[in-house]
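Because the structure is a prediction, the values reported are computed rather than measured.
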Amino acid sequence: MSTLNISLPDALMSFVDEQATKHGYATSGEYICELIRADQDRVVLRDRLLDGAASKTTAGVDDSYFDSLRSRVRHAR
């Protein structure tokens, strides 16, 4: 594991400490790590959405498509 030291203005540090406590994190560092993980997830989702938007269209989506999808989900449980 690597270490990252950052300097924050007092007002920001107070905010971070308050949020960490409010959301049940043991340390402010855990809160910061969770913010970074959430940003990573956002970037991955954005990239996947852009890839999907740029991909070639296949079959159309209609009621039968969604019926099939629901059926697959029910059987996967």
Side-chain angles (χ1 to χ4, degrees):
M1 184 175 288
S2 299
T3 301
L4 171 68
N5 295 313
I6 60 171
S7 298
L8 297 174
D10 291 340
L12 261 180
M13 191 64 213
S14 292
F15 177 79
V16 168
D17 288 340
E18 288 170 14
Q19 293 302 302
T21 300
K22 178 180 176 181
H23 295 289
Y25 293 98
T27 66
S28 296
E30 287 180 9
Y31 173 68
I32 298 293
C33 284
E34 185 59 33
L35 291 176
I36 294 168
R37 281 188 208 99
D39 194 40
Q40 270 184 322
D41 291 346
R42 183 194 58 78
V43 168
V44 168
L45 177 59
R46 181 181 184 277
D47 289 346
R48 288 181 180 170
L49 289 170
L50 290 173
D51 288 346
S55 67
K56 192 187 307 185
T57 303
T58 57
V61 176
D62 56 10
D63 288 341
S64 65
Y65 169 81
F66 287 107
D67 291 340
S68 170
L69 184 60
R70 285 185 195 94
S71 178
R72 286 192 336 216
V73 169
R74 284 187 195 109
H75 287 89
R77 293 182 193 173

Arg70 CZ to His75 NE2 distance, which is reported to the nearest 0.5 Å
14.5 Å
Hydrophobic clustering (ILVMFWY, side-chain heavy atoms < 4.5 Å, transitive) - are Val44 and Leu49 grouped together?
no
In Å, rounded to the nearest 0.5 Å, how long is the span from CG of Leu50 to CG of Leu45?
9.5 Å
Are Ile6 and Val16 co-members of a hydrophobic cluster defined by side-chain heavy atoms under 4.5 Å apart?
yes
Should Leu35 and Asp39 count as side-chain neighbours, where that means a heavy-atom distance under 4.5 Å?
no
What distance separates Ser14 OG from Asp10 CG, expressed to the nearest 0.5 Å?
6.5 Å
For the hydrophobic clusters of this structure (ILVMFWY residues joined by side-chain heavy atoms under 4.5 Å, transitively), does one cluster hold both Ile32 and Leu4?
yes
How close do Ala20 and Ser28 get, heavy atom to heavy atom, and via which atoms?
CB-CA, 4.0 Å
Is the backbone of Asp17 close enough, under 3.5 Å, to the side chain of Thr21 for a donor and an acceptor to pair up by distance?
yes
How long is the gap from CG on Asp41 to CZ on Arg46, to the nearest 0.5 Å?
15.0 Å
Apply the test salt bridge (charged side-chain N to carboxylate O under 4.0 Å, His left out) to residues Asp51 and Arg48: give CA-CA distance (whole Å), side-chain angles for both, the deciding distance (0.1 Å), then the verdict.
CA-CA 5 Å; Asp51 288 346; Arg48 288 181 180 170; over 6 Å; no
